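First the structure, in the form of structure tokens, and then the observations on it.
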Amino acid sequence: MFGIIVKKEFLGNLTSFRFILTLLLVISIFAASGVIFVGKYREEFNDYNNIKNKNLAEFQQQSRALNLVPYYVQAIRKRPVAAQLLTEGYEKSLPNNFRLDVFTIRYPEVDSKTNFLFPRFADIDWTFIIAFILSFVAILMTFDSLSSERQRGTLGLMMSNAVPRDKVILGKYLTGLLTLAVAFFAGLVLNLIIVLTGGVSFKEEWLRIVLFILLSFFYLSVFVLLGTLVSSLSSRSSTSIVLLLFIWVILAMVIPSFGRIGAERLLKVPTREMMERQIYDAQSQIFDNSEKFGKNAGNWGSGVEVNPPARSALFNAVVDARNQVFEDYMNKIVAQVRKGGSITRISPTALYQYASEAVAGTGVNRFWSLYQQLKRYKDELKVFLIAKDKEDPQSRHLLTPSSQHRVLFSAKAVDFNAIPKFEEKEAGIGSSLKKALWDIAILAAMNLLLFLGVYVAFLRADVRQK
Amino acid sequence: MIGKIAIKEFLSNLLTLRFMVGTLLLVALTGLFVSILISEYKNDLREYDRFVAKNNAELKQVLTYQNLTPTIYRPPEILTLFSKGVDESVAKSAQISIEEVPSMASASLGKSPLLSVFSVFDVVLVFKLVISVLAFLFAYDAISGEKEDGTLRMILSNNVPRAQIILGKFLGGMLTLAIPITLGFLITVMIMVLSPMISLTGGDWLRAALMFVVSLILVAVFLNIGLLVSSLTRRASDTLMVLLFIWVLFLLIIPNMSTYLGIKIKPSELAGKINTLVRQMNIDMNNQIRNIGRNVPDLGGYSVESDANETWGGYVHFCSAALVKERFYIMERALPLAVKTVGEINELNKKYINELVVQKKWGDSLAKLSPISLYENLISSLARTDASSVRAFSHQARDYRQRLVDFLENKKAFSTIRWFTPMPEDKLFDVRNSEEYGEVYRKYASYQPKPLDLSDFPEFRFRQVRAIDSLKKSLPDLLILIFMGIFFFACAFVAVLKYDVR
């Protein structure tokens, strides 16, 4: 009986007017997304390779002397990943250019092809299509699943048979999900065909894609259940659609917009101007007390007796002060975004967006991970340079920030291939999942609650035509 | 007869769930948003006052002309609560110095760059979502519902002109929808008026009134689209489906695609490269200046300086006469170089911003297919948060920098020692070695440097875009929106006229 209900409903859905419209919309938008992505990805990859090669070529020139290496400012760009097809994570507006030398990492820049004059719009990635369009479609497919039957009287007819109510509800739910799945997979397959023939290759991304699809079903299931719930409680479909439309507007668009306000209210972050001022003040203080590093540490001029160890210590202290303020700032700006996200977690759409960003390995998480990797690389490079410098008996072994003081360091040539180079490592699937864990758990809880709600609501519902 | 139909529609609409839920939602959300945004505005205003005061206090302590680099701030605007536009993506402050011409492309001194992952929080978000869907919810069964119920046939069998039917339906719908919009604006106005720190000028009230009118025009457009589709379809459920798909198209798809297409059709050559280019130009200039410094010929005497720090940079606290000669030698050659580079960088930035503006024009033109985009752009333009209003600040920053340059030239700042040191000229001694310097230093270096005389230094006053100019700018979009409304109404009119009742 159960199978019959599902089959009948399912086939009925597939031939309905709204499903045809849905299929057309979903397929064309997934196709557009694929075409757009192929073009963008190719361009981004070219830019990335150009920057990387230019950086390596210039770096190599510096390796003719060990003491040129610490002062070379490397330009590192975030590598474009195929998983951006799933979730751009607003990568476009996040800083993607890092410059660093062995002493400091500079303030990251946004050097991308976006236009900041446009109001911020999502790129048409899978997350956008699923979060907004498919969830909307889920509402359209289920809003009258029970209320229209009640209106027409067929619900009463069905219930007069020996059909357990829980099977009816389960059937409606599965039908809704399956119908969505047809449109979803049709669009997805077309999109993947376009992307793969466009030259993009997935390797370990296939696992992420599978996880992403599972996550998406978790998300869409929330809206299918919501539609079914409101439908079972409404006597007429017109009531049901009104309520569901407004609920969708609130959940998908209004609540997520509170993120920014939440971020700014919950964690105050200094502006860049304030941060620069903090650095200036901290460094001025060190310079004013320069004598504590040794005689003449902070004096220069032709008559001054030079004291290299003191000078080196002074400059290193100044750079450390700057790095401390900067590190604090970076910690704060990431914490601020995370806090802002936390108040929007009542919305399944927001939860889905965070979880999909974590699963795809893009977005703010990636930015933070890249920064941490750069810090480690900087230290690794420093260790290498100091070790190599120790081998040179003629060096004064003083690594000093300020290229004029490079004479205090070894000037021997160094093998470029031995110098550590930066390679961005992507987060593994395991750690990606861990980051998404909370959000997936809340989505699962929502599903459970809604399912119980639908169950209880329908169990007690009056099936008579009103 | 039109009046009778309109009143009937209006009254029957008032008792429906969609009206009650829609109005309640609009009023509640608007109230919430406005309260939060007003408190944000108050914080911003307090911060602005603090920053400006700090800048003015620091100006009074500047010792050398080279460190005269005040920061100017853009005052917060109350109407941004209606629409944030691009206000948040563009810098709210600019540091003015001769070394750089301020540009919208310059690095922001402002808020965290990561905040761009969040969507904008303003009142137009609530309005564009709720009133458009509400208009569709009232229109979808206006005609097809009556077709299904059989009542349309009955009306038409009377001697009611078809034109009056459609006009009556339209008027009735407008009357209904005017209620939530009016209530929404009323609650906004109430909260603004009741807040002590908020004061609106006449121009602000005019803009707010215009936003109200524009919102009414938007619902008229949606109502008419709804009436058109309703008169073309036979069943109300089909109408609703079509309308909801159209809604998604207008709300999400057209705006996103038009942004993408705008960037694609007019790609910017400098985007993605400008930072690197500008940086390279600065590095080259600095290298050249350093070369000049290294190749200074022997001008006689012992050149030595003792440095110190002040608010906006370092300066020379005490030095020998030979150093001054050296410094002037370098400056004579470095200054034209710096001026040239600053000019070139400025040209590059201008070119870049122009490319972005062209992209935006194209994107906006394509977006005009969606009445929701038109509406958002109109409200943003009226709130002075669209791209061109925001450019006003950067233009004025540039003008202010020119006034700084003029001020410096008037004071002959580039050819006095006050450029880099507050030392009184009569303490400049020719010394021959470090011992002699040491003696002179001991005797005179404890002088108290006096801050610069800035009594005739120009003050920055931000001139806001006037209401008349905003209106002129928004006129084309407004006309398009009105035209859409009329166009769809005409189509619905024709559809009803040609409808076969059998």
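Just so we're clear, the structure is a prediction, and the values are computed from it rather than from any experiment.
Residues A:Arg99 and B:Thr276 bring no donor and acceptor atom of their side chains to less than 3.5 Å of each other.
Contact count against chain B (heavy-atom pairs under 4.5 Å) is highest for A:Leu140 among A:Asp144, A:Leu243, A:Leu140. Interface summary for chain A: among B:Thr16, B:Val21, B:Val90, B:Asn433, the most heavy-atom pairs under 4.5 angstrom belong to B:Val21. The greatest number of non-hydrogen atom pairs below 4.5 Å with chain B, out of A:Asn115, A:Ile133, A:Ile250, is found for A:Asn115. Taking chain B as the reference chain and counting heavy-atom pairs below 4.5 Å, the highest number among A:Val137, A:Ile261, A:Asn96, A:Val254 is found for A:Ile261.
For A:Phe136 and B:Phe245, the distance between ring centers is not under 6.0 angstrom. Ring to ring, B:Trp312 and A:Tyr280 are not that close: their centroids are 6.0 angstrom or more apart.
Within the 4.5 angstrom heavy-atom criterion, no atom of A:Ile51 approaches chain B. Within the 4.5 angstrom heavy-atom criterion, only side-chain atoms of A:Tyr107, from C-beta onward, approach chain B. Heavy atoms of B:Glu40 lying under 4.5 Å from chain A belong to its backbone as well as its side chain. Interface residue A:Ser238: backbone and side-chain heavy atoms are both found under 4.5 Å from chain B. Within the 4.5 angstrom heavy-atom criterion, only side-chain atoms of B:Phe33, from C-beta onward, approach chain A.
Applying the side chain to side chain contact (heavy atoms under 4.5 Å, CB included) rule to A:Val110 yields the partners A:Pro95, A:Ser112; only residues at least two apart in sequence or on another chain are considered.
Side-chain atoms of A:Asn97 and B:Asn275, non-hydrogen and from C-beta on, never get closer than 4.5 Å to each other.
Without hydrogens or angle criteria, B:Ser112 side chain to A:Ile333 main chain gives no donor-acceptor distance under 3.5 Å.
Rounded to the nearest 0.5 angstrom, B:Leu115 CG and A:Arg260 CZ are separated by 5.0 Å.
At a heavy-atom cut-off of under 4.5 Å, chain B is reached by A:Leu21, A:Thr22, A:Leu25 from residues 19-26 of chain A, listed in order of number.
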**OP:** Could you give me the CA-CA distance, side-chain angles and deciding distance for A:Phe246 and B:Val130, then say whether side chain to side chain contact (heavy atoms under 4.5 Å, CB included) is met?
**Re:** CA-CA 8 Å; A:Phe246 286 126; B:Val130 177; 4.1 Å; yes
Original post:
Does the pair B:Ser93 and A:Arg272 meet the rule for a side chain to side chain donor-acceptor pair (under 3.5 Å), with working shown?
Top reply: CA-CA 11 Å; B:Ser93 60; A:Arg272 184 168 174 192; over 6 Å; no
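Salt bridge status for B:Lys92 with A:Glu273: absent, with no side-chain N to carboxylate O gap under 4.0 Å.
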